[in-house]
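Below: the structure, in structure tokens.
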Amino acid sequence: FAEHPYSHLIDTVKDGTIKFFNPQKLNDPRYDKLPLSIRVMLEATIRNCDGVYTKEEDVQNILDWQQQQNKAEVPFSPARVLLQDFTGIPAMVDLAAMRDAVAKHGVDPSLVNPKCPTDLIVDHSLQIDFSKWPPSKGGSHCGGQRGSCSKSACSDPPASPGRPPASVQQIENTPLLCPFHLKPAVKCIICTLNAVKIFLSLVSFCKQWCSKAFKNVNVVPPDVGAVHQVNLEYLSRVVQLSDGFIYPDSVVGTDSHTTMINGLGILGWGVGGIESEAVMLGQPVSLTLPQVVGCKLVGSINPLTTSIDIVLGITKHLRQAGIAGKFVEFFGPGVSQLSAPDRTTIANMCPEYNATVSFFPVDQVTLKHFKKTKKLELLESYMKAVKLFRSYEDPSEDPEYSEVIEINLSSMVPYVSGPKRPQDRVAVGDMKEDFQSCLDEKVGFKGFHISKEKQEIRVPFLHCGQEYQLAHGSVVIAAVISCTNNCNPSVMLTAGLLAKKAVEAGLVVKPYIRTSLAPGSGMVTHYLSTSGVLPYFNQLGFEVIGYGCATCVGNTAPLPEAVVDAIKQGDLVACGVLSGNRHFEGRLCDCVRANYLASPPLVVAYAIAGTVGIDFEKEPLGKDGTQSQEVFLRDIWPSREEVQQTEEDTVISSIFKELRGRMKKGNTFWSNIECSDSVVFPWDPKSTYIRSPSFFSRLELPQPQSIENAHALLFLGDKVTTDHISPAGSIARVSAAAKYLLSKRLTPREFNSYGARRGNDAVMTRGTFASIKLCNRFMGKPGPKTLHIPSGQTMDVFEAAERYQRDGIPLIILAGKDYGSGNSRDWVAKGPYLMGVRAVIAESFEKLHKNQLVGMGIMPLQFLPGQNADSLELNGKERFTISLPDTLSPRQQLSVQTSQGNSFAVTALFDSDMEVLFFRHGGLLRYVARTLL
Ligand SMILES: *[C@@H]1O[C@H](CO)[C@@H](O)[C@H](O)[C@H]1NC(C)=O
Ligand SMILES: *[C@@H]1O[C@H](CO)[C@@H](O)[C@H](O)[C@H]1NC(C)=O
């Protein structure tokens with residue numbers, strides 16, 4: 001570090017034993033004004049400044065964020081990479097193949113390692129992708145990308161888990177034992193046959209490569225991923241320690257939930273498979289220095305407002321604010337009222353409002369959250385030393401933001417909805433008035449049309465020997481249900497603590513009210529019980545009635561006959577209050593005409609009040625045990641601090657504990673797997689799931705640069721998505737990939753999906769452009785076909801590419817606007833590369849996809865503004881020659897000559913010298929391998 005350009009910034013903490021780069025030593029007043037998220041980027045850039053990937057100029061640009069935001073391209077080297085198996089395994093396969101390649105050239109293969117610490121979560125997507133098993137009757141099963149299931153993309157479901165085809169054992173030669181739970185696979189829903197098959201091929205690979213052969217790789221074994229969000233937290237370190245240096249944690253991940261980590265003050269976002277590989281190999285992520293929207297939280301939270309109300313309220317504000325592509329950073333005195341789980345939930349909602357991240361700088365709340373797992377003193381003193389620790393109450397610490405959105409938390413009042421439809425929202429404070437007007441209004445969604453003289457009616461009745469009265473608005477059903485948006489633990493705990501305080505204050509729920517508690521999962525019962533609130537629920541009559549859909553769908557036990565008679569006698573508008581997410585008139589019970597959805601604690605409150613016609617501000621819920629004192633809702637409503645504390649003490653700590661247990665168990669299983677000690681991976685030639693990919697052939701030769709007499713493999717229009725380029729659905733029975741798999745003696749029911757076979761380049765290359773929705777202008781109708789121009793024949797895109805390659809003809813692709821939009825997928829550039837595609841000429845590119853093409857050594861070339869294939873009168877059947885100068889600079893214009901004698905200019909979309917360098921070497925992977933040679 002002596003030669004480090006910023007060695008003069010090195011400081012120490014903990015009696016001089018731990019070093020860090022202190023940006024404050026730059027003595028630059030701008031530092032104190034930077035948003036904290038930008039300070040994290042600045043520190044990383046200072047620490048990683050090597051003059052190659054990261055330069056002093058980059059440090060200056062970030063420091064000059066006020067002027068450079070939205071202008072300068074800057075590098076960012078995150079502290080770690082998070083991979084989930086479906087995208088992580090191909091990355092590991094590539095590194096394994098790289099070891100083979102360098103070994104072949106006499107280089108020590110053990111030199112190939114991720115440079116950046118990498119966590120690989122093994123069973124994450126298996127769990128998600130196969131959780132729908134068994135498929136519903138008549139429906140079809142799709143593996144592969146979550147949510148990508150369309151009817152047309154699905155073929156037959158795989159074999160029933162109850163009857164595994166015998167051939168599986170022959171194929172993978174392993175007993176059918178569920179690797180997740182060490183039980184026979186047929187007994188386990190997660191472990192469908194397919195999951196098992198993929199898993200067994202990958203087990204020894206992961207074991208061998210990810211946790212043993214490679215340095216810097218941590219594998220989170222199977223059966224731990226179940227508590228996914230916490231898993232991310234478990235891996236989080238807030239600060240990292242390595243080589244005696246301490247620095248802030250930050251992450252890029254291939255998981256769509258990566259952004260939730262920003263709720264804990266850890267900067268991170270999602271990237272595609274190829275980008276994550278680049279980061280693993282020591283490459284910074286390149287991004288335009290982002291604008292940072294300061295989201296100022298003011299006001300205090302209305303006590304009746306739950307976390308869910310707050311989270312949804314903030315999300316709604318942000319969605320309306322139009323902050324796509326920006327960072328959001330929270331500040332203001334209101335932030336400290338939000339618990340760590342509230343913050344991570346808001347941060348996790350980023351995709352809803354298109355922000356890159358929603359960053360909550362570390363404060364006391366964050367520290368408390370990590371209290372049970374991390375060493376806090378060091379963390380705190382370090383974060384304070386570099387001014388990454390916030391005291392939200394102190395406005396003198398507030399940074400300067402690109403713009404500020406102010407949200408007054410007091411404006412988020414709790415709502416209930418009803419009386420007939422979920423979309424009719426009523427503020428709790430207006431409930432009494434609203435119900436009154438519903439009685440007056442003519443019959444409709446908000447009206448019952450009860451004549452004035454009948455509105456005051458009281459109907460007495462006997463229940464268990466005691467006389468009670470019913471009136472309009474009387475609550476007869478109260479159901480606390482934890483499903484959908486009420487599954488947030490803090491909300492259920494609020495209800496439980498409210499029940500506790502109600503019981504302690506001597507309040508009761510009238511016995512004729514049909515009360516119930518449906519916790520949704522055993523987990524909810526578990527934390528209600530460990531936090532000690534369950535008995536109080538029971539005392540108020542809210543007893544656990546079971547799991548799954550109950551009251552919402554009308555499965556309520558019948559009301560007492562006397563109640564029904566009283567309702568009929570008075571033609572009363574009786575009420576149900578429940579915390580589900582939907583209800584319909586008369587669904588709870590024919591005789592209950594008004595039904596309201598409310599948060600779980602409000603269900604408890606209305607049950608105690610016995611009526612919805614109450615103004616909680618002005619009217620008491622009831623009298624205390626001695627019948628002497630009136631008790632108001634505000635007297636027994638638990639404070640947010642109390643709820644947060646209970647949540648931290650019971651829910652969070654027990655989840656962490658469970659996670660540690662699973663880790664241990666998983667690791668035991670893991671360590672019992674046999675694997676060889678060889679430095680290069682002993683590929684199993686029989687495996688159809690992983691294969692050494694052929695990215696590294698003829699590694700010693702430089703990549704040919706100019707493109708001569710290329711044919712267009714495809715002539716595409718606008719908006720070709722990554723789904724067209726590399727479909728993730730199941731493998732069609734008639735396709736190039738099917739032919740390959742049949743040649744490996746697989747039957748169609750064993751094909752599985754492209755998503756599941758990402759570790760096999762032969763399948764994935766054949767699957768490239770195999771979308772039945774691909775619109776190729778060479779063809780009359782959509783489909784995975786193209787014209788092989790020299791022969792005039794129509795064939796599968798892969799077959800055409802194979803023929804061109806055999807004949808030594810380079811390939812290009814012609815396309816329209818927005819080429820490569822959609823989800824990032826690791827094969828969208830690898831597939832075309834292995835097909836022999838050297839350049840894509842398009843009107844415009846999705847930036848992420850453009851980067852992926854560069855990463856694989858494919859030139860992204862853009863028509864000049866206003867030009868396209870039609871305006872240039874191209875028919876796609878010409879041959880194309882693109883000559884490159886010896887020195888190529890970013891965004892340089894190149895000339896394309898066609899065999900028809902015309903020529904046109906295109907812009908080579910390389911954004912930096914680094915990108916040019918990768919291209920010169922045939923992409924990032926080859927560049928890294930060739931550097932080792
Ligand atoms: C927030 O709103 C409340 C109620 O509307 C108001 O009393 C309070 O002054 C507001 N706070 C700020 C800081 O604007
Ligand atoms: C977010 O981006 C998507 C796709 O670019 C767009 O369709 C959507 O309208 C955007 N939403 C917001 C809230 O900006």
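Note that the structure is a prediction, hence the values are computed from the model and not measured. When a residue number appears, it is its place in the shown sequence, counting from 1. All ligand and atom numbering here is 1-based and tracks the order in the structure.
Ring pair Tyr606/Phe616 is tilted by interplanar angle, where 30° to 60° counts as tilted.
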Mind listing the side-chain donor-acceptor pairs of residues 631-638 below 3.5 Å, one per line with the distance, residues two or more places apart or on another chain?
unit_1 : atom_1 : unit_2 : atom_2 : d
Arg634 : NH1    : Glu617 : O      : 2.9
Asp635 : OD2    : Phe632 : N      : 2.8
Trp637 : NE1    : Pro303 : O      : 2.6

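Judged as a ring pair (Phe, Tyr, Trp, His ring centres under 6.0 Å), and not counting sequence neighbours, the contacts of Phe331 are Tyr401. Legend: residues meeting side chain to side chain contact (heavy atoms under 4.5 Å, CB included) with Asp394, ordered by chain and number and at least two apart, are Ser391, Ser396, Glu397.
A cation-pi arrangement, defined by a distance under 6.0 Å to the six-membered ring centre and an angle within 45 degrees of its axis, is present between Lys384 and Phe389.
Of the options Lys33, Arg30, Lys71, a salt bridge (Lys or Arg N to Asp or Glu O under 4.0 Å) to Asp64 is made by Arg30 and by none of the others.
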Measure from every N or O atom of ligand 1 to the protein's N or O atoms and keep only the pairs below 3.5 Å, writing each with atom names and distance to 0.1 Å.
unit_1   : atom_1 : unit_2 : atom_2 : d
ligand 1 : 2 (O)  : Asn408 : OD1    : 3.4
ligand 1 : 2 (O)  : Asn408 : ND2    : 2.2
ligand 1 : 11 (N) : Asn408 : ND2    : 3.1

